[in-house]
Every structure is written in structure tokens, then in C-alpha cells.
Amino acid sequence: MPQQLTNIVEDLRWRGALSDATPGAEDLLINDKITCYNGFDPTSDSLHIGNLLPLMCLARLQRYGHTPIAILGGGTGMIGDPSGRNDERSLLSIEDIDANGEKIRVQLEQFLDFDAKSNPAQLINNADWLRNINYLDFLRDIGKNFTVNTMIRRDSVRSRMDREGEGISYTEFSYALLQAYDYLVLYEQENCNFQSGGTDQWGNILDGIDLIRRKHGNATNGNSLAHGIVFPLITDSKGDKLGKSIGGAPALDPNKFSPYRLYQFFFNTDDADVIRYIKLFTWLGPEEVEPLEEAVRENPGRREAQQTLAEQITEIVHGQSGLDQARRVTRAFFRGEFDTLSASELDDVFAGASSIEIEKCDIDNRAISYEELAVATNLAQSFSDARRTVQQGGMYLNSERVEDAARPIAPEDLLHGNLIILRRGRREHRLIRVA
RNA sequence: GCAGGGAUUGGGGAGCGGUCAAACCCAGCAGACUGUAAAUCUGCCGCCUUGUGCUUCGUAGGUUCGAAUCCUACUCCCUGCACCA
């Protein structure tokens, strides 16, 4: 009998999404309507799957009637958060920050409901207030509330202080004040009394709460006026950060990381991690997840849970059309269903899988070798790599194992008269269109 | 500032005049086994025109028939000490 989730706290707990919360926070989440903000850094021009957890949690809060605020760090991004880093950041130009911010704004908008009647989401850029700060005023009003003694005790600061050569710049050292100030501003202007974030944000969040306490005192019951909740750092069963194995977290921007690739990324999740990820990253509840848990146990080979995870996330991030596309490409590559696809569906596959074009006459003249194509499509890093892999039996042309890396591509190799599929190993595919 | 130590192929880390494209470990890739999994086993893991081939061992020079290995200068890092406070 699946358990029932009757409130947001039970929900988050069941998902393993709640790592810590300030005293009294849970009571408010259950019995009150709160406003919670979460910051997103414009350090890159796309959100990535590491942002999925905070994003989903804001969305979950909204579904339980709370009001979410997504903060775009257009101001804080100019300084750089030292949390969780062991080296000084290089500063981004304002133009880059703003350009990144615009792209991220668009991505954020799809996760939250901005038209809800009682609790519409908000998207705010902290550049609005941070960029106009007067230094002297800030030192007098805000800086006075912080002691350096406490600040240097933070792990993120201390680890950098201990390093002789690098150290931490005054700029990054000051970061904590800015984020605390954000919280104060949001508390005063938006009635925002919750902040969420990863565990690495715990210190920053507490700083903000403390600042609000100094300015506004405590609630009548003695608890803080402001609260914080933090999410665990998501690692796989080997202890690696999610996405680390492929060298960096997959981007949510379909142009940087196609829906197909996102689908595949999650489809390949280990049995040991898949249920945990479903709970963290999808809307599915106990009644859907428990059967999947059973499926992993009883019949892991069918990969029902992995498929569900991949489908759910792809749809959440890229919508129904993105999911359809990912599915079509998957079917085409892994079941070789090219014959059954119509011309327009084929176009869709081309769109969903990165492809390149080559000239028909080069095929007719047998002017292009397999290894050249493999390198050109980035399937192999170098000719040596291509040959090596061929030698090891890891390269395929249209599902035929390639014996000779130097073999030319000939007209009879074309599928549908204009299509070539390269494959490396079991799941790395490249599509080549012949024009 | 003084005195020592160090910078090696993605990471860690051997090598200290030829036998070094450079041990070993991790990561990565391919194959086998499977389930587009994990574990395990095998192979690979600088580049190319596959060769007594080419370019690599912080940067620039030098010594030598020959240097990652020796010398000089420079850059950066680490450890002591001093200076400052």
C-alpha cells in the first residue's frame, strides 16, 4: 500500500530532497503559505541538470500553494560565490552576464506558473538592486552586521585562506554579504521568508536569515522570521557528481544538449540510482514509483524505471515535442527503424541528432574514407583513435562492423539514397546526410 | 627578502644521460559477458603518410654523438626562516 504524501514536507522527505531546514521551517511549510526564493547564477548561457533539483522544488512548493521566486543572479554573478570552489573565479563581463541571464530567464520561465491566481511565481534579477548599491551606505547599513571573525570561519573561506599562494580576494570574501542582502531585500519587498539552495548554500542562507533577524527581530514565538531549506548534493552510487562521468553536467538548452542526448543520459542511469533520481527529478508519486521499484528488483533487464525516468525528465525539460523527438531518434538508432520512417520523420531524426552533410559527388568518387568521416563527426578524436577503435572492432557503418578504417564510403553504403549512420561502441551514433 | 623543494602525457605519480612516447594507479575508450546496467575479464589509451616516422616531460637557451634526465636564465608553485604587523 503506497504511502500518501499529504504535505510538502512529507513530499520532499519521501523524495530525499530535503537535506536540512531551519528550526520551525517545516511547521510553516505545512501550516502556512510561504514565499521561497532560489538563486540561479548566470555564469553560463544555459541552466544544466544540476539546477533541476532546485527548480523542481520551487515548482513543488508552488503546487502546494506556496509562492516561488526565481532569482537571477545578475548582480551576485558579477562577484562570484566562493562556496564549493577552491580557486578564485575569473570575472565575467557585464555583457556576458546579461546575455547569459536573458537565456536563463527564458529557461526558468518554463518551470514555474506565472499566471497562478493566488500564488503566481516571480522572476527577479538581483542586478535591480545590487548594481545601484552605494558602497559607503552598504558598509554602514549591512557590513556593520557582520563580523569578519564569523565570516572567516566559513569552510569556503577558510579552505582558501589556508592556501598560501592563491588565497581569496576581498571581492569573493564579500560575496556572503551580497547574498544576505538579497534575502533582506526580498524579505522587505516581497514578503519572502524562505530561501532554498544546495547544501553548499547553507552558510549563505544562514547569513541572510541572521541579517533579517538583526534588522527585524524574531517572530513572536521566538523563531526566526526567515527560514531556509537545503537540498542534498546529488551524486551517483559511485559518489560522483551527477554528470561528471560525461565531463560536465548536461545543459538544459536543446541546442547545446539535444533532447535525445538528455533522454539517453538518463536512460543509462544505473539500477542503483534510478529510483532515487525518479523521486528527485520527476512528479511521480509513491503510487507510480513503488511498482517501478519492484520492476527494477524483479526484472531489471527491461529497464522500465530508466525509461520512465528518461521520458519524464525529457518531457519536463523539453516538452512533449522534445520527448517525441528523443523517442524517434532512439528508436531509429537502437532498433534500426530507418525503413519505417517517413521523410518528415527522418528530418526530425536529423534535427534531433547532430548530423553533418557531405557532398554526393564525394561518395560517387569514393573520395571520403570511413576514418575521415569518423573524425569529421567527432566520433573519433583523431585518425589514430579511429583506427585503433576499428582494430578493436568498435566501429560500425550502418550496423556493419568496419574492418578497414581507410575504406571509402561508396554509393551502395547509402541508406534511403542519402543517409549514413556511423556508430562507435554500443551507443554512440552519428548521422550523415548526403546532399 | 633568504634558504631549501618542485613543475612529467586528462588527474595522481615514477623516471634523474642512451634500452623513454615515458613504469604504476585512477579516469576514459573498445571487446567479451549482459540489460543501451553494475561487477568482472581482455585490449587500448600523444600524432600521422605505421616508420630504424613526427611532436611531447613549466618557458627560453646551452653542454653532449645523444637530455624528461646535466648547466644557465626566466615563470609559477610549495616548505621553512626573516621582514612587516
Side-chain angles (χ1 to χ4, degrees), chain A residues 86-88 90 148 159-168 235-250 258-278 292-311 313-314 326-337 349 352-353 367-372 374-397 399-408 421-431:
Chain A
N86 49 23
D87 56 353
E88 182 85 8
S90 47
V148 170
S159 69
R160 295 267 297 274
M161 301 259 283
D162 290 345
R163 292 167 61 94
E164 280 273 323
E166 281 288 316
I168 179 169
T235 59
D236 62 26
S237 50
K238 295 198 203 79
D240 284 334
K241 227 163 148 180
L242 191 60
K244 190 205 162 218
S245 56
I246 62 167
S258 69
Y260 163 71
R261 288 222 286 156
L262 187 72
Y263 182 95
Q264 286 294 319
F265 178 84
F266 283 105
F267 190 84
N268 279 294
T269 302
D270 288 6
D271 293 353
D273 299 317
V274 66
I275 294 299
R276 202 159 46 91
Y277 290 177
I278 287 178
L292 289 172
E293 225 167 336
E294 164 126 7
V296 174
R297 224 172 16 243
E298 302 301 324
N299 206 338
R302 293 195 45 197
R303 306 170 71 86
E304 262 181 71
Q306 277 88 345
Q307 188 179 337
T308 306
L309 173 68
E311 287 178 350
I313 293 187
T314 308
R327 274 198 186 120
R328 268 198 290 274
V329 179
T330 294
R331 273 201 300 273
F333 280 154
F334 289 92
R335 298 208 204 127
E337 288 179 5
V349 173
I368 296 182
S369 66
Y370 183 86
E371 55 189 353
E372 285 172 327
V375 172
T377 54
N378 234 329
L379 190 62
Q381 295 199 336
S382 67
F383 281 64
S384 301
D385 183 33
R387 282 168 214 169
R388 226 179 273 133
T389 311
V390 167
Q391 219 157 39
Q392 295 177 135
M395 285 294 202
Y396 300 81
L397 172 62
S399 74
E400 299 255 324
R401 184 173 276 181
V402 174
E403 305 293 341
D404 174 15
R407 65 158 293 185
I421 302 164
L422 263 45
R423 172 155 72 94
R424 173 180 182 137
R426 287 225 272 216
R427 50 197 147 140
E428 203 60 36
H429 297 81
R430 288 302 122 87
L431 216 47

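Here is how names work: the chains are called A, B, and so on, in the same order as the sequence lines, proteins then strands, and each is numbered from 1. These figures come from a predicted structure and were not determined experimentally. Scope of the values below: all heavy atoms of this structure, side chains included, with no hydrogens, waters or symmetry mates.
- Remark: C1' of B:U36 and CZ of A:R261 are 16 Å apart, rounded to the nearest angstrom.
- Spacing between atom CD of A:Q307 and atom C1' of B:U36 amounts to 12 Å, rounded to whole angstrom units.
- The base of B:G43 sits within donor-acceptor range of the side chain of A:Q392, with an N or O pair under 3.5 Å.
- One donor-acceptor pair, N or O on each side, does fall under 3.5 Å between the base of B:U36 and the side chain of A:Q264.
- Under the Watson-Crick or G-U wobble criterion, with both distances below 3.5 Å, B:A3 is paired with B:U79.
- Base pairing annotation: B:C54 forms a Watson-Crick or G-U wobble pair with B:G46, both donor-acceptor distances under 3.5 Å.
- Put simply, A:F383 does not rest on the base of B:C48: the two rings are not both less than 5.5 Å apart at their centres and under 30° in tilt.
- The CD atom of A:E428 sits 17 Å away from the C1' atom of B:G31 (whole-angstrom rounding).
- Remark: the backbone N or O of A:L379 is paired with a side-chain donor or acceptor of A:R424 at under 3.5 angstrom.
- Of the two residues near RNA chain B, A:D270 and A:E371, the one whose nearest nucleotide lies more 5' is A:D270.
- Going from atom CD of A:E304 over to atom P of B:U36 covers 15 Å, rounded to whole Å.
- Note on ring orientation: taking the six-membered ring where Trp is involved, the planes of A:H429 and A:F333 are parallel (angle under 30°, cut-offs 30° and 60°).
- Between the P atoms of B:A23 and B:U8, the separation comes to 15 Å (whole Å).
- As rounded to whole Å, 9 Å separates atom C1' of B:A30 from atom CE of A:M395.
- Pairing for B:U19 is absent, with no Watson-Crick or G-U wobble pair whose two atom distances lie under 3.5 Å.
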